[in-house]
Amino acid sequence: MQIATAIYHLAVTCWLGGAALFTFVLTPIIFKTYSRDMAGRIVGVLFPSYFHWGLSCGAVALICLLLTRGRRAIASGLILTVMLAITASQAFIIEPKAAELKKEIPSFETTPPDHPLRVQFRQLHRISAVANLAVIGAGVVLVILCSSPIPNKEDMPSGTVTK
């Protein structure tokens, strides 16, 4: 069980760390370094792997959580399930639609922002960004749940009720 717990912690932190690195470090650097069109192509190439990374880490974490069945398993399992559902919707619904729209937009640098395809793309991008931040926030909650100790019944004063 200790190995499953360690792998669970590793999977959650790898997912959260990867998401934070991609969102807050790599993507801004790419968009600062390259033209908008080139940066969009680079990030577009990375997105499928990014989402599959999240799905893989999430699946491993969920399997390990089921094996350990710790005191926080229900809450953590629900959070992981929501994170996986969000990531799956990004990977299999939102990102493919956004990629198709990007193919129809000749250039983000020359196509006006109010062009219908750009408006549709922007809406998908907003949904994906909010979903991504939700996954990162939920990952932070999981790390906090992992790191805060649960008192043992024998360590608690007599008369204390635990659930």
Side-chain angles (χ1 to χ4, degrees), residues 4 6-68 72-147:
I7 293 171
Y8 167 80
H9 290 194
L10 183 61
V12 168
T13 55
C14 284
W15 189 1
L16 174 59
L21 178 66
F22 188 80
T23 302
F24 301 122
V25 178
L26 294 179
T27 300
I29 289 172
I30 292 168
F31 274 91
K32 186 177 182 180
T33 306
Y34 297 99
S35 70
R36 183 170 180 160
D37 288 336
M38 177 58 74
R41 284 194 290 277
I42 292 168
V43 171
V45 167
L46 296 175
F47 266 139
S49 297
Y50 169 73
F51 294 128
H52 289 122
W53 172 257
L55 291 171
S56 299
C57 289
V60 168
L62 192 58
I63 290 167
C64 290
L65 186 66
L66 292 172
L67 291 173
T68 60
R72 294 193 178 111
I74 294 173
S76 297
L78 288 172
I79 293 168
L80 277 170
T81 302
V82 169
M83 290 171 68
L84 282 165
I86 291 170
T87 303
S89 70
Q90 288 177 287
F92 303 120
I93 299 168
I94 298 169
E95 194 279 329
K97 286 181 181 179
E100 285 303 312
L101 280 172
K102 279 173 65 173
K103 288 179 187 175
E104 296 179 40
I105 301 169
S107 168
F108 279 76
E109 295 167 11
T110 59
T111 304
D114 60 347
H115 188 281
L117 294 175
R118 290 265 321 257
V119 170
Q120 287 178 354
F121 180 84
R122 193 168 37 252
Q123 289 170 339
L124 285 175
H125 183 269
R126 282 184 189 136
I127 293 167
S128 184
V130 168
N132 196 53
L133 291 175
V135 168
I136 290 171
V140 169
V141 170
L142 286 177
V143 169
I144 291 168
L145 285 174
C146 289
S147 63

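Sequential numbering from 1 along the given sequence is applied to the chain's residues.
- Closest approach of Tyr8 to Cys64, counting heavy atoms only: CB-CB, 3.7 Å.
- Under the side-chain contact (heavy atoms from CB on, under 4.5 Å) criterion, Leu67 pairs with Ala4, Ile63, not counting sequence neighbours.
- Under a 3.5 Å cut-off, the side chain of Thr13 and the backbone N or O of Leu10 do form a donor-acceptor pair.
- The structure places CD of Gln90 at 9.0 Å from CG of Leu55, a figure rounded to the nearest 0.5 Å.
- Closest of all the heavy-atom pairs between Trp53 and Gly18 is NE1-CA, 4.3 Å.
- Here Cys14 contributes atom SG and Ile7 contributes atom CD1; the two are 11.5 Å apart, rounded to the nearest 0.5 Å.
- Residue Ala11 comes nearest to Val60 through the heavy atom pair CB-CG1, 3.9 Å, listed as atom of the first residue, atom of the second, then distance.
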Residue pair Leu142, Trp15: steps toward the side chain to side chain contact (heavy atoms under 4.5 Å, CB included) verdict:
CA-CA 11 Å; Leu142 286 177; Trp15 189 1; 5.9 Å; no
Just do the side chain to side chain contact (heavy atoms under 4.5 Å, CB included) check on Gln123 and Val119 with the steps written out, would you?
CA-CA 6 Å; Gln123 289 170 339; Val119 170; 4.2 Å; yes
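- To the nearest 0.5 Å, atoms CG (Leu62) and CE (Met83) are separated by 11.0 Å.
- Within the model, atoms CG of Leu16 and CG of Leu21 stand 11.0 Å from one another, a figure rounded to the nearest 0.5 Å.
- Taking CG of Leu65 as the start and CD1 of Ile74 as the end, the distance is 10.0 Å to the nearest 0.5 Å.
- In this structure a side-chain-to-backbone donor-acceptor pair under 3.5 Å is missing from Ser128 to Leu124.
- Checking side-chain atoms of Ser76 against main-chain N and O of Ala73 turns up no donor-acceptor pair under 3.5 Å.
- Closest heavy-atom contact between Pro106 and Thr111: CD-OG1, 3.8 Å.
- The NZ atom of Lys102 lies 15.0 Å from the CD atom of Gln120; values are rounded to the nearest 0.5 Å.
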Give every donor-acceptor pair under 3.5 Å between a side-chain atom in residues 40-52 and any protein atom, sequence neighbours left out.
residue : atom : partner : partner atom : Å
Tyr50   : OH   : Asn132  : OD1          : 2.4
Tyr50   : OH   : Asn132  : ND2          : 3.4
His52   : ND1  : Pro48   : O            : 2.7

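- The shortest non-hydrogen separation linking Glu109 to Asp37 is OE2-N, 3.1 Å.
- Looking at every heavy atom in both residues, Gly54 comes nearest to Leu84 through O-CD2, 4.3 Å.
- Within the 3.5 Å criterion, the main-chain N or O of Ile105 finds no donor-acceptor partner in the side chain of Arg118.
- We find that Lys103 and Glu100 are joined by a salt bridge, their nearest charged nitrogen and carboxylate oxygen being less than 4.0 Å apart.
- Checking side-chain atoms of Thr23 against main-chain N and O of Ala20 turns up no donor-acceptor pair under 3.5 Å.
- Residues forming a ring-ring contact (aromatic ring centres under 6.0 Å, His included) with Phe108 (at least two apart in sequence, or on another chain): Phe121.
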